[in-house]
Amino acid sequence: MSASSVVEELRRAGVQRGSLLALAIFSEVGVGFASPGFTASVATSASDPAALVQAIEDELRPRWVEWSGDTASALVRAGVRVATAWDLVAVHRLLFGGWRADPARVWAQVHELPLQTIPTAGPRNLFSLPSNDEADPEGPRQPDGHLRAEWTAGGWHTTPEHLARWAQLALEVAQRQQAQLAQMANPERAAATARAESTAELLCAELAVDGLPMDRAIAESIIGSIIGERPRTEAEAVSQRGQRDGEVLGHAPPGGQFDLRSPGQVKSLLRFVGIEVPDTRAWRLEALRDRHPLVEALLVWRKAERVSTTYGYGWLDENLGASGRLRGTWSGSDGAAGRMTASAGLHNMPADMRPAVVAEPGHVFVRADLGQIEPRVLAAISGDPQLARATQEPDLYAPVAAQLGVDRATAKVAVLGAMYGQTTGHGAQVLPRLRSSYPVAMAYLDAGDRSGQASQDLRTYGGRLIRMGTSNPNEVGEREARSQEAARGRYGRNALVQGAAAELFKVWAAIVRARGSALDARIVLCLHDELLVHASADHAEAAAQLVDDALQEAAHRWAPDGSVRFVADTSVIPRWSDAKD
DNA sequence: TGCGGCTATTG
DNA sequence: CACAATAGCCGCAG
């Protein structure tokens, strides 16, 4: 079947820009499509699945319904980047919270079926229940409504017809998800979040394939300056290690046997030289630098050990490809509040390594980071008019400090402390003034705190469910229980802010991704409040403008009332580490 | 072998 | 060491 005839059939079936078109693709077998009232499948032997998807994208630009980011990854690897998607896993996590989102679970929860009765995989023809579809006893549904284990276990997609059925099921899930989103407190906003979260999955698939441009020679020279040349043999590695250890142990009295990698033994070692500490964390040792030369040596050792074990030659070998791209796995909505996460050190690369992140020849980075995103987000989601007024200033903490009658540093720790749930220290002393100046914002945070303490689930501004796990009061003592309750309160309080910030960030990233494709400007790193865009030097200014414009558009779409201002610090630089402006 | 504790790195 | 994350090694239980 030719690509053009498939496109024509889909067009006749009413598929157009933005309409749901479910996709199931398995390159060895073929591809299945499903839209309302229309299903099709094409075998790989008859047509290249990726080329077919590309043709449909070019002609119709539907919103592709995909079971998960795996589909997007397969497409990107095949060179196809679609504009929009409806990612069932991403929307499932939005609706129901949590992390687990295998097809059987996604299906069950959206159909309000009990999770306990999800069938577990078994031998194919043993104990398998008949389908509840009499016309199709081999079909995917059991009489109890669950998907049959054979259909969810994987490895079954052996024919194009199976893929078409799988696409049909995806479409049904998407429609049910949309119906559930429509019942939420703010249906339009929840649907918008679902679309942005789905697009984030597309972006994650692209980030994983594209990687972060990194100069291996520079990276190796930075590593070399901290831990020395790359060892050529195992013996050399052992000797280098021993030498590093010796630099510290040389300050200790002779005869002792201490493993510097064991916190307990480091504590003993410090006691040997007359220093007693409850733990050996760097910030604590920092203050004791002058007490004994061993402390300084230990701090230097720790830094080198970190590079040696985590961000050293092994790290480069494992994650930096021959093409000069650092690649990790990306997750679009991870953890407590749905932030993006990445492996391979992409989110926690030491600042010392960042000079090695260099744009390719003829290219630059557009680096943009959001200023004070969390308090600005708090102003928006809580609707606090006084805090919203403060966001009009480029430095939000200046008007807050004036309002509270304290210096800027105090205002900052107070605001951050309020969002984190801090109850002691310098910032907390200003809490009463914060409450009287910004009562709406503070009430919003307190409500999140109370829900958390009571183990009641929360929803973010964009509609993401924050599940509050219930603890077992019988298993812990009274004091421990109270401390856990307080921790849940801080968790709930912060998840509302952090989660909403993640939602705004993804809307921003999605717009940059969409607008940037025309300039061939590509996002190569997402870092919670920072975007790194790799662009041709010829289009540097246009790309920078695009990133700034995208933020204003994102803010307008995400919080249309417009009372809160969002600001980005944007610069065009050859290296990630280069100074702003 | 798996897991909690400790530590360091980042936003 | 407030909130979140990834990741390595040690020590201990099974």
Side-chain angles (χ1 to χ4, degrees), chain A residues 99 212 226 241 245 258-268 277-287 298-312 314-315 318-319 326 328-354 357 367 369-375 377-378 412-428 431 445 448-449 452 458 460 466 483 486-502 505 525-532 569 576-577:
Chain A
W99 174 250
L212 179 68
I226 299 168
R241 235 168 85 127
D245 293 4
F258 298 100
D259 181 352
L260 297 174
R261 292 157 193 85
S262 165
Q265 293 190 39
V266 170
K267 226 153 96 171
S268 307
V277 278
D279 60 67
T280 72
R281 291 175 164 90
W283 68 268
R284 208 184 285 283
L285 298 181
E286 212 73 56
L298 183 60
L299 289 168
V300 171
W301 179 91
R302 281 259 175 86
K303 207 167 171 65
E305 179 72 2
R306 170 69 31 185
V307 169
S308 159
T309 56
T310 309
Y311 302 107
W315 171 61
E318 192 135 330
N319 303 296
L326 186 71
T329 54
W330 285 81
S331 166
S333 64
D334 207 350
R339 295 219 284 198
M340 294 175 78
T341 57
S343 69
L346 286 158
H347 273 181
N348 46 9
M349 186 188 303
D352 292 345
M353 291 301 303
R354 296 185 179 193
V357 178
R367 174 185 188 270
D369 67 296
L370 301 180
Q372 305 158 345
I373 182 177
E374 290 193 338
V377 160
L378 174 60
K412 182 175 174 174
V413 298
V415 170
L416 292 174
M419 290 187 296
Y420 292 149
Q422 188 181 27
T423 53
T424 58
H426 194 41
L431 215 55
L445 292 171
D449 201 308
L458 288 159
T460 62
I466 309 288
S483 137
R488 282 200 311 273
R490 291 194 300 270
Y491 174 100
R493 166 189 293 264
N494 185 253
L496 293 178
V497 179
Q498 193 184 104
F505 180 84
L525 192 70
C526 294
L527 197 41
H528 310 314
D529 64 351
E530 176 178 349
L531 279 177
L532 201 62
D569 187 344
W576 189 18
S577 57

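Residue numbering restarts at 1 for every chain, and letters A, B, ... go by the order of the sequence lines. All heavy atoms count here, side chains included; hydrogens, waters and symmetry mates do not.
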Original post:
Is A:E530 touching bases, backbone alone, or none of the nucleic acid, heavy atoms closer than 4.0 Å?
Top reply: nothing
**OP:** May I ask you to decide whether A:R261 forms a salt bridge with A:D245, counting only side-chain N to carboxylate O separations under 4.0 Å?
**Re:** yes
**OP:** Could you say whether A:Y491 or A:S343 is positioned toward the 5' end of DNA chain C, judged by the nucleotide with the nearest heavy atom to each?
**Re:** A:Y491
Original post:
Is A:G417 touching bases, backbone alone, or none of the nucleic acid, heavy atoms closer than 4.0 Å?
Top reply: base
**OP:** Please lay out, stage by stage, how A:M419 and A:L378 fare under the test side-chain contact (heavy atoms from CB on, under 4.5 Å).
**Re:** CA-CA 9 Å; A:M419 290 187 296; A:L378 174 60; 4.0 Å; yes
**OP:** Looking only at side-chain atoms of A:R281, point me to the closest of C:dC10, B:dC6, C:dC9.
**Re:** B:dC6
Original post:
Counting only side-chain N and O atoms of A:T280, is one of them less than 4.0 Å from OP1 or OP2 of B:dT7?
Top reply: yes
Original post:
Can you tell me how far C1' of C:dC1 sits from CG of A:L285, to the nearest Å?
Top reply: 14 Å
**OP:** Kindly point out which of B:dT7, C:dG11, C:dA5 is positioned nearest to the side chain of A:N348?
**Re:** C:dA5
**OP:** Take the protein atom CG of A:L299 and the nucleotide atom C1' of B:dT9, then report the distance between them rounded to whole Å.
**Re:** 15 Å
Original post:
Using a cut-off of less than 4.0 Å, is there contact between a side-chain N or O of A:R261 and OP1 or OP2 of C:dC10?
Top reply: no
Original post:
Out of A:L458, A:D449, A:L445, which residue meets the side chain to side chain contact (heavy atoms under 4.5 Å, CB included) rule with A:L496?
Top reply: A:L458
Subject >> Atom pair distance, as rounded to whole Å: CG in A:L260 and C1' in B:dC6 >> reply: 15 Å
Original post:
In whole angstrom, what separates A:D569's CG from B:dG11's P?
Top reply: 14 Å
Original post:
What is the distance, rounded to the nearest whole Å, between atom CG of A:N494 and atom P of C:dA4?
Top reply: 6 Å
Subject >> Check against side-chain contact (heavy atoms from CB on, under 4.5 Å), A:W315 and A:T309 >> reply: CA-CA 8 Å; A:W315 171 61; A:T309 56; over 6 Å; no
**OP:** Could you tell me whether the phosphate oxygens of B:dG11, OP1 or OP2, come under 4.0 Å of any side-chain nitrogen or oxygen in A:R354?
**Re:** yes
Original post:
A:F505 has an atom CZ; how far is it from atom P of C:dA5, in whole Å?
Top reply: 17 Å
Subject >> Sugar-phosphate, base or nothing in reach of A:A342, heavy atoms under 4.0 Å >> reply: sugar-phosphate
Original post:
Nearest-Å distance, CZ (A:R284) to C1' (B:dT7)?
Top reply: 13 Å
Original post:
Is the side chain of A:S262 donor-acceptor paired with the backbone N or O of A:F258 at a distance under 3.5 Å, no angle test?
Top reply: no
**OP:** Please work out if A:M349 contacts a base, only the sugar-phosphate, or nothing of the nucleic acid, heavy-atom cut-off 4.0 Å.
**Re:** sugar-phosphate
Original post:
Counting distance only, does the side-chain N/O of A:R367 pair as donor-acceptor with the main-chain N or O of A:E530 below 3.5 Å?
Top reply: no
Subject >> Selected nucleotide, minimal atom distance to A:T310 side chain, candidates C:dA7, B:dT9, B:dT7 >> reply: C:dA7
Original post:
Closest to the A:K303 side chain: C:dA4, B:dT10, B:dT9?
Top reply: B:dT9
**OP:** Give a yes/no answer on whether the side chain of A:S262 brings an N or O atom under 4.0 Å of OP1 or OP2 in C:dC9.
**Re:** no
Subject >> Sugar-phosphate, base or nothing in reach of A:A428, heavy atoms under 4.0 Å >> reply: nothing
Original post:
Counting side-chain heavy atoms from CB outward, which of C:dA5, B:dT10, B:dC6 is closest to A:A336?
Top reply: C:dA5
**OP:** Tell me which nucleotide among C:dT6, B:dG11, B:dT9 gets nearest to the side chain of A:T341.
**Re:** C:dT6
Original post:
Considering only C:dA5, B:dT7, C:dC3, which nucleotide approaches the side chain of A:P263 most closely?
Top reply: B:dT7
Original post:
Would you say A:H347's side chain and A:C526's backbone share a donor-acceptor pair under 3.5 angstrom?
Top reply: yes
Original post:
Contact class for A:A282 vs. all strands (heavy atom < 4.0 Å): base, sugar-phosphate, or nothing?
Top reply: sugar-phosphate
Subject >> Euclidean distance, atom CE of residue A:M340 to atom C1' of B:dT10 [Å, nearest integer] >> reply: 16 Å
Original post:
Has A:Q498 got a side-chain N or O lying under 4.0 Å from the OP1 or OP2 atom of C:dA5?
Top reply: no
Original post:
Within the structure, does a side-chain N or O atom of A:R302 lie under 4.0 Å from either OP1 or OP2 of B:dA8?
Top reply: yes
